[in-house]
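Let me begin by presenting the structure, written as structure tokens, before commenting on it.
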Amino acid sequence: MHAGISDLARRLRDCDRLVLFTGAGVSAESGIPTFRDAQTGLWARYSPEQLASPEGFRTDPRTVWEWYAWRREKCLAAAPNPAHLAIAEFIAELQRRSPGVTLITQNVDGLHQRAGSEAPLELHGNLHRLKCFRCGADGGDWPETLDLLPRCACGGLLRPAVVWFGESLPGEVLAQASEAGLQAGLFFSIGTSSLVYPAADLPFQAKRRGAFVVEINPQPTPLSRHADLCLHGAAGGVLPRLLA
Ligand code: BV8
Ligand code: ZN
């Protein structure tokens, strides 16, 4: 067994403060397009400024709604893959012996919850929930059709309850995620290009505080040369073996 892997297995056994931090790559094997993979990336076909920003929504709310409706259909049709399932089983097992494991996700697809992970910290929100673009009130469930764009009781347009570019992350969730990272002895960064801030700073913060940082990604990222161990593979292949 690779020296790094046997050392990691020991750390997994001994560690009582652990963070699993995930990005779109964890959902790739469920058939959900990632953001930046050239051939499948969402941003390859659409511009994030146009579709995932308040300006884009102000300019053309219908296009933004239809893009999220398309993404939501893909999420609902998708099933959690072995990466989501391995994470959920691992956390359930670990929480029996120590409560110190935290799942932090940048994903908005809800697949961690469908795999059984109860309360991931959703840094960028969740596209299955809605909120009011004007007053921020909870927007309830998705409408049956988009013939008329749904509105809040205040008259404002509803929107998916996700964090757009140029918008702040939910303060409480980000604070909890930061705190978990700063306490972590072991920090896994899984399936993320490590490009989107402030989320991408979490593994760097943890590293500065002495965490052992493991990156799981088929490709190198800006985090790779700072990580203590890089496992170059698909999350759906690596995690079931690693976390079993
Ligand atoms: C903020 C929700 C403060 C919506 C997302 C100009 C103006 C304003 C801000 C900025 C600016 N310039 C820069 C910024 C900051 C900006 C930013 O970081 N931009 C980047 C692009 C440079 N950040 C923000 O705007 C954030 N807010 O800064 O607020 C502020 C406030 C007011 C005014 C100014 C500033 C908000 C960021 C959140 C944006 N919302 N999503 C939606 O989903 O529609 S971001 C989006 O990217 C997703 O959440 C996604 O999760 C996230 C990160 O992407 P990844 O998850 O990493 O996915 P990606 O495709 O990139 O990578 C996939 C990886 O998986 C790849 O590495 C691939 O190799 C790997 N992979 C593939 N297959 C597998 C795999 N790995 C494992 N297994 C596999 N099988
Ligand atoms: Zn409102």
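The model shown is predicted, which means the values in this text are computed figures rather than measured ones. Counting convention: from 1, in listed order, for ligands and their atoms alike.
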Worksheet item: Between Gly166, Gly25, Pro222, which one has a non-hydrogen atom sitting closest to atom 79 (C) of ligand 1?
Response: Gly25
Worksheet item: Any N/O of Gln219 closer than 3.5 Å to an N/O of ligand 1?
Response: no
Practice prompt. For the residue pair Trp164 and Phe57, categorise the inter-ring angle as parallel (less than 30°), tilted (30 to 60°) or perpendicular (more than 60°).
Written response: tilted
Worksheet item: At a 4.0 Å cut-off, with the gap strictly under it, does some heavy atom of Gly236 reach an atom of ligand 1?
Response: no
Fill in: Main-chain N/O of Gln106 paired with His124 side-chain donor or acceptor, under 3.5 Å
yes
Practice prompt. Under 4.0 Å from a heavy atom of Glu29: give me the atoms of ligand 1 that qualify, with their elements.
Written response: 78 (N), 79 (C), 80 (N)
Worksheet item: Is there a donor-acceptor pair under 3.5 Å between the side chain of Asn217 and the backbone N or O of Gly191?
Response: no
Discussion item. For atom 63 (C) of ligand 1, which of the options Gly191, Gly23, Pro54, Pro218 provides the nearest non-hydrogen atom?
Written reply: Gly191
Worksheet item: Which heavy-atom pair separates Gly23 from Thr192 by the least distance, and what is that distance?
Response: CA-CB, 3.9 Å
Worksheet item: Would you say Ala24 has any N or O atom under 3.5 Å from an N or O of ligand 1, going by distance alone?
Response: yes
Discussion item. Taking 4.0 Å as the limit for heavy-atom contacts, which would you say applies to Gln106 with ligand 1: side chain only, backbone only, both, or neither?
Written reply: both
Worksheet entry | Arg225 atom CZ, neighbour heavy-atom count above 12 within 6.0 Å | no
Discussion item. Quick check against the 3.5 Å criterion: does Arg134 have a side-chain atom that pairs as donor or acceptor with the backbone of Cys154?
Written reply: yes
Worksheet entry | Ionic contact status for Lys207 with Asp228, cut-off 4.0 Å | yes
Worksheet entry | ligand 1 versus Glu167: contacting region, heavy-atom distance under 4.0 Å | backbone
Worksheet item: Can you tell which part of Leu195 has a heavy atom less than 4.0 Å from ligand 1: side chain, backbone, both or neither?
Response: backbone
Practice prompt. Just go through Pro198, Gly125, Ala235 and tell me whose heavy atom is the nearest to atom 78 (N) of ligand 1.
Written response: Ala235
Item to complete: Check whether more than 12 heavy atoms from other residues, nucleotides or ligands sit under 6.0 Å from atom CG of Asp141, and answer yes or no.
Response: no
Worksheet, complete the sentence: Candidates Leu223, Val163, Val108, Val64; heavy atom nearest atom 4 (C) of ligand 1 found on Val163
Discussion item. Taking atom CZ as the centre, does Arg58 end up with more than 12 heavy-atom neighbours from other residues, nucleotides or ligands that are less than 6.0 angstrom away?
Written reply: yes
Worksheet item: Counting only heavy atoms, which portion of Ala28 has something under 4.0 Å from ligand 1: side chain, backbone, both, or neither?
Response: side chain
Item to complete: Would you please classify the geometry between the Phe204 ring and the His226 ring as parallel, tilted or perpendicular, with 30° and 60° separating the classes?
Response: perpendicular
Discussion item. As a check for students: among Tyr68, Phe35, Phe165, identify the option with a heavy atom nearest to atom 45 (S) of ligand 1.
Written reply: Phe165
Worksheet item: For ligand 1, is there an N or O atom under 3.5 Å from any N or O atom of Asn217?
Response: yes
Discussion item. Rounding to 10°, state the angle centred on the Zn ion (ligand 2) that links SG in Cys152 with SG in Cys135.
Written reply: 110°
Worksheet entry | Carboxylate-amine/guanidinium contact Lys131 Glu167, below 4.0 Å | no
Worksheet item: Between Thr221 and ligand 1, does any nitrogen or oxygen pair lie at a separation below 3.5 Å?
Response: no
Worksheet item: So, is Tyr197 polar-close to ligand 1, with some N/O to N/O distance under 3.5 Å?
Response: yes
